[in-house]
Every structure is written in structure tokens, then in C-alpha cells.
Amino acid sequence: MNKTLVILLGPTGIGKTDLSIELALRFKTEIISSDSRQFFREMAVGTAVPPLEQLEKVKHHFIGHLSVNDYYSASKFEKDFLQVSKDLFKVHDLLLMTGGSGLYIDAACGKIDNIPDVDSSVRDKYLRKFMDEGLESIRTDLRLLDPVYYRTVDLKNYKRIIRALEICESTGKPYSHYLKKKGKKRAFNIIKIGLNMDRRELYSRINDRVDRMIASGLEEEARELFRYRDKNALNTVGYKEMFRYFDGEISRDKAIELIKRNSRRYARRQITWWSRDKEIKWFHPGEKKEIIRHIEIETRDPGPKTQ
RNA sequence: GGGGAGAUACCAAAGUGGCCAACUGGGGCAGACUGUAAAUCUGCUGUCGAAUGACUUCGUAGGUUCGAAUCCUGCUCUCCCCA
């Protein structure tokens, strides 16, 4: 029996949610979220979690299963996803994944290598070093510990450098040693469906959606979460701008304007991320029939699969 | 009616004789990114060109000068003050 994971992806605000519910109903299956911010239950408004009546139509996984206090990562998601999908594939031939977090989707597809867990204190140590001594200092460390990776990293991106350093130090092997870049086999087929549309149209949808979030209480939600502002989960479009407003740094209108702009930029980065993924078949969100047909053709059983 | 200030690229705003196709910010575009990824980071943004470069710009029409966004004059428009 062929098992298939259909991944519906696309930039924020394009209309993944509505379509995913329709598709899930059509194929009588469940939805697995791959939206790294909808995981956090306290952040429902600002991350456009579907309303209850929508969620009730189809069973959803990985929505609100974490608290903003929890540590999470792409590799944790990979593990959680494999466990859940394994169970779900026992009763479904087709599962639907939808969300906008490119790295998390890649993780689910087996595109990130296994790298040992490291103690967070090592990361903290290098983060502190970076803040105290600057980029040059941690760059020098990396040049010594992993000269191979040093040649390819973005040397201005402290997060990249610290990630490599924490691996080098806690495993005793260079970070580049773990980067096999082969991809791991999955026990199911994968169909990637990308949603995209004219940029102007997308931007106007994003702007409108931000207004709707404000109307549904984003400000109040952000106020509730203000005390958690230092948590990584709150380093998110919609919240960080509100926090600046609460600080008195910018006006409410300015905050809303920035949320719109940053959401647009986020959408752009998402599109860039997927632009190099040749496995994605692109559609306009209005092409519902074409998308369904595409899924049906791709999942039709006979014949050797070219995946 | 009188006096004053100003018009700069998509927007805002520097520049006040050569180092100016023009600082900077915004907006936009493009890209990188294998463990907090809605994060983090980079480049471009007058036109043509892959590029050396070529060409056209600083309200507008003239003028001064080897050379003008920068100086002078007329015109148009905007703003402020006095009537």
C-alpha cells in the first residue's frame, strides 16, 4: 500500500488554511501543521490559528501543542512528526501537511542531518562571548575548530557561527562532519504543492489579515504575553512590534504598520527559500480542482514511482 | 498686495562649484540559511549592460564657469508671516 504525505506550502497569508481543510475533507484525512509558531498555544491570534469551527471539521496535529516556555527545534519536530505520521498512516493512506516553516518541512522530509543534541549551556557560553567580544572573536574560534565550515558560512551571521561552535565543542568533531547532505529516506511518498500568487495581491491579503488580527485581539494577546517577551517564541512578527508599542517606543499605528511590513518581508523570504526546491509543483490558491487532480494523478497506484 | 522659505530619484531627506548617479532612512527587489527559522544574515535599488563602462538626471527656461544639484535671471508651483 502506498502511503503519501501531501505538503501544502506557501507564503504567509496566501490561503493555506482554508484550502487545507477542503483538501483534508476531500481526501478524508487529517492535517499536520508545519507552522513553527502555531505550535505555541498562547499565540493563537497572532499566528492566525484557524478558528475553532474550522479546527473541528478536521483533526489537526501540532497546533498549540507547546507553550511559549518550551524549547523546540526543527529536529524535535522531525521526531514528533515521524511518530505521529507513523500512527496516522496506520489508518490513512494520505496525510496532509500544511504550514509555512521551510526548515521544518525540510526536516519532515528527511533533509536535515542527524546531529547530536548539545547542552544549552554551550550555546549560552558562545552567545555571551559574541555579545562581550563581538563577531571576530567567535569567528576566530570557528576558524580553528572547523576550518571547512568556516569557508562556507556566512561570517556575518552570528547564529550560524554559534550553532557550528556549539556542535564542535560539545561533540569534539567539526560541525561540517555531520553535514552529509544526502537526505534520509522516508517510508512514504511526498507530494509538494506550493501556493503562490501575484505579489501585489499577496501583499494586500497580508495587510488585510493583519487588520483582522488586530480586530480579533492581537493587542490583548500580546499584552498577556508581554512578560514572556524574552522567550524565543515571542520573537515573532506581530508580537515584537506590539512590545515596542507597549514600551512607548512607537505608536500603535506604527506598530501595526510594521507588523504588515514584516509579514510581507517574511512572505518574501519564504518564497526565496522554496524557490530552489524543484520538487514543488506550484499553483494559484484558486486552482482547487487542478490541485486535487494533481494529487489524484500522483497518488494513482500502478506504475513505478519516480520519487 | 508686501516679506520670507522651499522645489533633489518611488517616498522622506542630506548635499550648497569639481571627490555626485548624488549620504542616509523608509519602501521595494534579489539572495543566503541543516537545531530557538515568523529567527538570523547579505546584496541591489536613474536607464542600458554580465562587467569595464556608456547615456540621461536634482521644478522649468536661459545664463555665468574649464566644470553646476550647488552661483545668477525669468517663469511655474508649494509653504509660512504681514496685510
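In the text below, chain A, chain B and the rest are named by the order of the sequence lines, each starting its count at 1. Given the structure is predicted, the values throughout are model-derived calculations rather than measurements.
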Within the modelled atom types, does a donor on one side and an acceptor on the other bring the side chain of Asp154(A) and the base of rU42(B) under 3.5 Å apart?
no
SB check Arg205(A) Asp208(A) (cutoff 4.0 Å)
no
Using a 4.0 Å heavy-atom cut-off across all strands, classify Arg123(A) as base, sugar-phosphate, or nothing.
base
Counting just side-chain N and O atoms, does Tyr203(A) come under 4.0 Å of either OP1 or OP2 of rC29(B)?
yes
Is there a Watson-Crick or G-U wobble partner for rA32(B) with both distances under 3.5 Å, and which nucleotide is it?
rU40(B)
Separation between the C1' atoms of rG59(B) and rU70(B), rounded to whole Å
15 Å
Does Thr47(A) put a side-chain nitrogen or oxygen below 4.0 Å from OP1 or OP2 of rA38(B)?
no
When rounded to the nearest Å, what value does the distance between C1' atoms of rU24(B) and rG31(B) take?
23 Å
By the Watson-Crick or G-U definition, both distances under 3.5 Å, rC23(B) is matched with none
When rounded to the nearest Å, what value does the distance between P atoms of rC10(B) and rC23(B) take?
14 Å
N or O in side chain of Arg199(A) less than 4.0 angstrom from rC29(B) OP1/OP2:
yes
With a cut-off of less than 4.0 Å, is there a side-chain N or O of Arg163(A) near OP1 or OP2 of rC33(B)?
no
Hey, does Asp106(A) reach any base, or is it just sugar-phosphate, or nothing, if we go heavy atoms under 4.0 Å?
nothing
Does Arg160(A) have a side-chain nitrogen or oxygen under 4.0 Å from the phosphate oxygens OP1 or OP2 of rA32(B)?
no
Is any side-chain nitrogen or oxygen of Lys182(A) closer than 4.0 Å to OP1 or OP2 of rU34(B)?
no
Distance check, P atoms only: rG25(B) and rC44(B), in whole angstrom units.
12 Å
Which residue, Lys180(A) or Thr12(A), contacts RNA chain B at a nucleotide closer to its 5' end, judged by nearest heavy atom?
Lys180(A)
Residue Lys184(A) excluded, over 12 heavy atoms near NZ under 6.0 Å
yes
Mind checking Arg276(A) for me? I need base, sugar-phosphate or nothing, with any heavy atom below 4.0 Å counting as a touch.
base
What does Lys76(A) touch in the nucleic acid at a heavy-atom separation under 4.0 angstrom: a base, only the sugar-phosphate, or nothing?
nothing
Please give the distance between the P atoms of rA21(B) and rU45(B) as a whole number of Å.
14 Å
Considering every strand shown, what is the Watson-Crick or G-U wobble mate of rC48(B) when both distances are under 3.5 Å?
rG53(B)
Quick check on RNA chain B: between Ser263(A) and Tyr175(A), whose nearest nucleotide comes earlier from the 5' end?
Tyr175(A)
Can you measure from NZ (Lys159(A)) to CZ (Phe130(A)) and round to the nearest 0.5 angstrom?
10.5 Å
Mind checking Tyr239(A) for me? I need base, sugar-phosphate or nothing, with any heavy atom below 4.0 Å counting as a touch.
nothing
For rA7(B), give its Watson-Crick or G-U wobble partner with both distances under 3.5 Å, or none.
rU76(B)
Spacing of the C1' atoms in rG15(B) and rC20(B) (rounded, Å)
9 Å
Taking the C1' atom of each, how far is rA30(B) from rU78(B), in whole Å?
37 Å
Glu224(A), CD atom: more than 12 neighbouring heavy atoms under 6.0 Å:
no
On a whole-Å scale, what distance lies between the C1' atoms belonging to rA5(B) and rG53(B)?
41 Å
Does rA39(B) have OP1 or OP2 sitting under 4.0 Å from an N or O in the side chain of Asn262(A)?
no
Does the side chain of Arg264(A) get closer than 4.0 angstrom to OP1 or OP2 of rG28(B) through an N or O atom?
yes
Flag if over 12 foreign heavy atoms under 6.0 Å of NZ, Lys111(A)
yes
